[in-house]
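Working notes for the structure below.
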Amino acid sequence: AADIGSAGVLLRGHGTHPNDMAGRAYAEWIEDVEQGLERLLERHRRAVVVGLSMGGTLALNVAARRADDPRLAGLVTISAPLFLSDWRLGLVGVISRIVKWQAWGRPDIKDRRVWDTHGAYRRIRTAAIPQLLGLMRETNQRLARVEQPILVVHAREDHIVPPGNLDRIRDGVSSRVKSSMLLDNCYHVSTVDFEAERLNAEIVRFIRNL
């Protein structure tokens with residue numbers, strides 16, 4: 001038990017003020033994950049990277065970069081985007097120069113009881129959106145280099161990231177050990193939604209099997 005631990009990574013521009021998203025580059029977020037992983041590996045022999053939404057895309061990117069690192073034992077992606085379906089993204093270069101802010105509106109969480117306690121920005125700087133798109137493009141290019149065991153999770157009723165991303169990830173990685181899970185009673189932020197307990201149990205089972 002002493003050899004078991006975890007660490008949460010706070011990406012630059014996150015967890016402070018939405019203004020701090022402006023000027024951040026996705027390469028910095030990759031670096032943040034790499035540094036967090038190294039800190040964890042200073043205390044433990046092996047690690048599994050788990051990421052929700054863009055965090056899942058970052059997990060794939062870092063796993064591709066570390067295909068030859070036996071210390072990275074596996075990864076879990078939850079509602080990770082490799083593509084999005086909003087037509088406005090094709091105009092984001094123009095829009096981000098005209099419109100500074102994009103409001104999220106209501107959290108994409110089915111369980112309304114947790115809306116008020118969900119810690120997330122209610123709006124973001126549009127200048128950060130091209131960085132997400134750049135991360136997705138690069139990760140798509142690296143996807144086949146992912147060889148670690150992987151668990152791919154998505155919600156059927158995700159209103160932000162199309163569920164088809166599950167197939168894109170599962171079919172695109174080169175992992176010999178891969179499994180997937182579709183959640184029926186939640187939306188995008190499944191980690192705090194009605195399916196959270198089931199999701200957590202599946203992640204623990206996946207890691208124990210490694």
Mind listing the closest non-hydrogen atom pair of Gln131 and Tyr26 along with its distance?
OE1-N, 2.9 Å
Contact between His14 and Arg24 at the side-chain level, heavy atoms closer than 4.5 Å - yes or no?
no
Donor-acceptor contact present, side-chain Asn165 to main-chain Pro162, <3.5 Å:
yes
Hey, does the side chain of Asn140 reach the backbone of Leu82 with a donor-acceptor pair shorter than 3.5 angstrom?
yes
How long is the span from the CD atom in Glu138 to the CG atom in Asn61, to the nearest 0.5 Å?
4.5 Å
Hydrophobic cluster membership, with links at side-chain heavy-atom distances under 4.5 Å among I/L/V/M/F/W/Y: are Val177 and Ile169 in one?
no
In terms of heavy-atom contacts, Gly56 and Thr77 come closest through O-CG2, 3.6 Å
Interatomic distance, CG@Leu151 vs CG@Leu75, rounded to 0.5 Å, equals 9.0 Å
Can you check whether Ser190 reaches Ile78 side chain to side chain, under 4.5 Å on heavy atoms?
yes
Under 3.5 Å: donor-acceptor pair, side chain of Glu195, backbone of Asn185
yes
Going by the side-chain contact (heavy atoms from CB on, under 4.5 Å) test, name the single residue among Thr57, Val9, Leu11 that passes it with Trp29.
Leu11
When you group the ILVMFWY residues by side-chain heavy-atom contacts below 4.5 Å and let the links chain together, are Val76 and Leu40 in the same group?
no
Assigning hydrophobic clusters by single linkage (Ile, Leu, Val, Met, Phe, Trp, Tyr; side-chain heavy-atom cutoff under 4.5 Å), is Leu133 placed with Leu135?
yes
Where do Phe206 and Ser179 come nearest, in terms of heavy atoms and distance?
CD1-OG, 4.3 Å
Are Val189 and Ile160 close enough that some pair of their side-chain heavy atoms sits under 4.5 Å apart?
no
Decide whether Val62 and Leu41 are clustered together by the hydrophobic rule: side chain heavy atoms of Ile, Leu, Val, Met, Phe, Trp, Tyr closer than 4.5 Å, transitively.
yes
Spell out, as yes or no, whether a donor-acceptor pair under 3.5 Å connects the side chain of Arg168 to the backbone of Phe83.
no
Does Ser175 use its side chain to pair, donor to acceptor, with the backbone of Gln148 at less than 3.5 Å?
yes
First locate atom CD of Glu202, then atom CD1 of Ile207, and finally report the distance between them rounded to the nearest 0.5 Å.
10.5 Å
Can you tell me how far the CD1 atom of Ile203 sits from the CZ atom of Arg208, to the nearest 0.5 Å?
13.0 Å
Check whether any side-chain heavy atom of Leu84 lies under 4.5 Å from a side-chain heavy atom of Leu132, and answer yes or no.
yes
Measure across Leu210 and Gly74 and return the closest heavy-atom pair with its distance rounded to 0.1 Å.
CD1-CA, 4.2 Å
I want to check something: taking the side chain as every heavy atom from C-beta on, are Glu147 and Ser174 in contact at a cut-off of under 4.5 Å?
yes
Would you say CZ of Arg205 has more than 12 non-hydrogen atoms from neighbouring residues, nucleotides or ligands within 6.0 angstrom?
yes
Exercise: identify the closest heavy-atom pair between Ala73 and Val48
CB-CG2, 4.3 Å
Rounded to the nearest 0.5 Å, what separates atom CG in Leu60 from atom OG1 in Thr139?
6.5 Å
More than 12 heavy atoms of other residues, nucleotides or ligands under 6.0 Å from CG of Asp184: yes or no?
yes
Is the shortest side-chain heavy-atom distance between Asp193 and Leu199 below 4.5 Å?
no
With no hydrogens and no angle check, is any side-chain donor or acceptor of His188 less than 3.5 Å from a backbone partner on Ser53?
no
Step-by-step side chain to side chain contact (heavy atoms under 4.5 Å, CB included) determination, Arg156 to Leu183
CA-CA 6 Å; Arg156 291 185 192 273; Leu183 302 173; over 6 Å; no
Taking the side chain as every heavy atom from C-beta outward, state whether Arg65 and Ile30 have any atom pair closer than 4.5 Å.
yes
Tyr187 reachable from Met181 in the ILVMFWY side-chain graph, under 4.5 Å edges:
no
Minimum-distance pair of heavy atoms, taken over all atoms of Val173 and Arg170
CG2-O, 3.7 Å
Side chain to side chain, Lys110 and His159, heavy atoms closer than 4.5 Å:
no
Rounded distance (nearest 0.5 Å) linking atom CD1 of Ile4 with atom CZ of Arg43:
13.5 Å
